[in-house]
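For clarity, every value in this text was computed on a predicted model and none was experimentally measured. One is the number of the first residue; the rest follow in order along the sequence.
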Amino acid sequence: MPVYKDKKRNTWYIKININSRQFVKRGYKTKRDALNDELVFRNECSSVSKKKKEIVITFDYLKRKYYAFRKNNLKPTSYYSLVLKIEKHICPFFDSNINVKELTQYDFNKFRNALSKNNLQTKNRIIKILQDMFDYLDVYYDIRINYAKRLQLFKDYTPKAIDKEPVNKPVEVELFKKYYFASNDYYKFYLLTTYIFGLRICEDRGLLVNAFDLKNNILTISQVTTSKAGINKSLDLIPKTNSSLRKFYLCYSYSVILQSHILHNNLKDTNRLFFSGSKKNLAISENSIRRYLKSIEQDNNLPHITPHGLRHGIASYLFSKGIPFEDVGKYLGHKFNSVTMDVYIDLTKERQFNIIEIINKLIQELENKKFVSQSYHSI
């Protein structure tokens, strides 16, 4: 049985020998997943080996087969993101009708050069996706395009400036209050909900009124709404990880504000909590949220904030109030605690001042000790 367990990663992988070639596929969460994929792999390889002389694999055909393959192995949000990247960053640079065997080094160089406008992480992620497409072609159709394997990842040796502002800078509580008091009632409720629960913008947009159980004072996060499907289009999906499926207990003060928001806007159970204009079944657009925050920023001469910065802000605030970072991570729906500490929890001004005060006391102790020591020697 060519199914093995990777003890270091706690995952399963398969080894298959076909036509004197060995193939290894890794990353299966369970043994059953590995066994099922092994059967699919063998069946498809055997059927392809009989027909491969008759089939001309075009880039478009490869793309469609790769989509079907990945759809069975990815969660909906991951698959959705993968398709967007391929359609936006890869497809425009390869003729959809070209036989993959006719691709040249020039085609791959043109593709790589076009990525220069993106950030380093995005560029390398896209290159790896293209390489994975051609690995799929190699494994399932026995067609090797070495040009894809020769693509080099981008490297950046430029030192990062320490004063460079992060994209989603944590919104400290005092800045949150300024935005809150400068907003109208609708956006006050949006800011409050996003901040206190640390919601992602897709989770905000996915909230229905019936996500709130007012009898038991519980909010359940079980849906996200993404807006990258096209102009005036949204897609409702389940959250990417199980840790993102979470529940919050509602405090009394928030429950009162929530019920006021529902009554004031005459919302039904199946309506969106944050809706678009008069269409209460349509999620508010990301652009509408960002434009409103920008208007508050300009009208009140405030520092720039982002919706995701609110999520970072509540993480730092809770940690500064003594909540363990493991609990903060669970509250935000993080799969790994390292994400909470390394990315989300930042030094608030209050905590920085606490550090300065401690250091100041240390210096004073050293100086007092120095003074006593000098006085002693002078006697």
message: I need the His312 NE2 to Tyr195 OH distance, nearest 0.5 Å.
response: 12.5 Å
query: Taking the side chain as C-beta and beyond, is there a heavy-atom pair between Leu82 and Leu74 under 4.5 Å?
result: yes
message: Cation-pi check for Phe154 against Arg112: NZ or CZ below 6.0 Å from the six-membered ring centre and within 45 degrees of the axis, yes or no?
response: yes
- prompt: Quick one: does Lys65's side chain get under 4.5 Å of Tyr136's, heavy atoms only?
  reply: yes
field: Candidate pair Asp135 and Gln131, rule side chain to side chain donor-acceptor pair (under 3.5 Å), full reasoning
entry: CA-CA 6 Å; Asp135 284 343; Gln131 290 174 332; over 6 Å; no
Parallel, tilted or perpendicular: ring planes of Tyr66 versus Phe69, cut at 30 and 60 degrees: tilted
- request: Could you check whether the rings of Phe111 and Phe94 sit parallel, tilted or perpendicular, using 30° and 60° as the cut-offs?
  value: tilted
message: Between Phe197 and Ile314, is there a side-chain heavy-atom distance shorter than 4.5 Å?
response: no
field: Interatomic distance, Arg246 atom CZ to Lys330 atom NZ [nearest 0.5 angstrom]
entry: 12.0 Å
query: Hey, are the side chains of Leu293 and Ile289 touching, using non-hydrogen atoms and a 4.5 Å cut-off?
result: yes
- prompt: Does NZ or CZ of Lys110 lie under 6.0 Å from the centre of the six-membered ring of Phe93, at an angle within 45° of the ring axis?
  reply: no
- prompt: Is there side-chain contact between Phe189 and Phe274, with at least one heavy-atom pair below 4.5 Å?
  reply: yes
- request: Taking the side chain as every heavy atom from C-beta outward, state whether Ile86 and Met133 have any pair of such atoms under 4.5 Å apart.
  value: yes
task: Step by step, work out the side chain to side chain contact (heavy atoms under 4.5 Å, CB included) result for Phe275 and Asn265.
output: CA-CA 10 Å; Phe275 47 89; Asn265 293 285; 3.5 Å; yes
- request: Indicate the ring-plane relationship of Phe108 and Tyr147, choosing parallel, tilted or perpendicular according to the 30° and 60° boundaries.
  value: tilted
- prompt: So His261 and Tyr186, would you call those rings parallel, tilted or perpendicular, with 30° and 60° as cut-offs?
  reply: tilted
message: Has Arg272 got a side-chain atom pairing as donor or acceptor with Arg205's backbone, closer than 3.5 angstrom?
response: yes
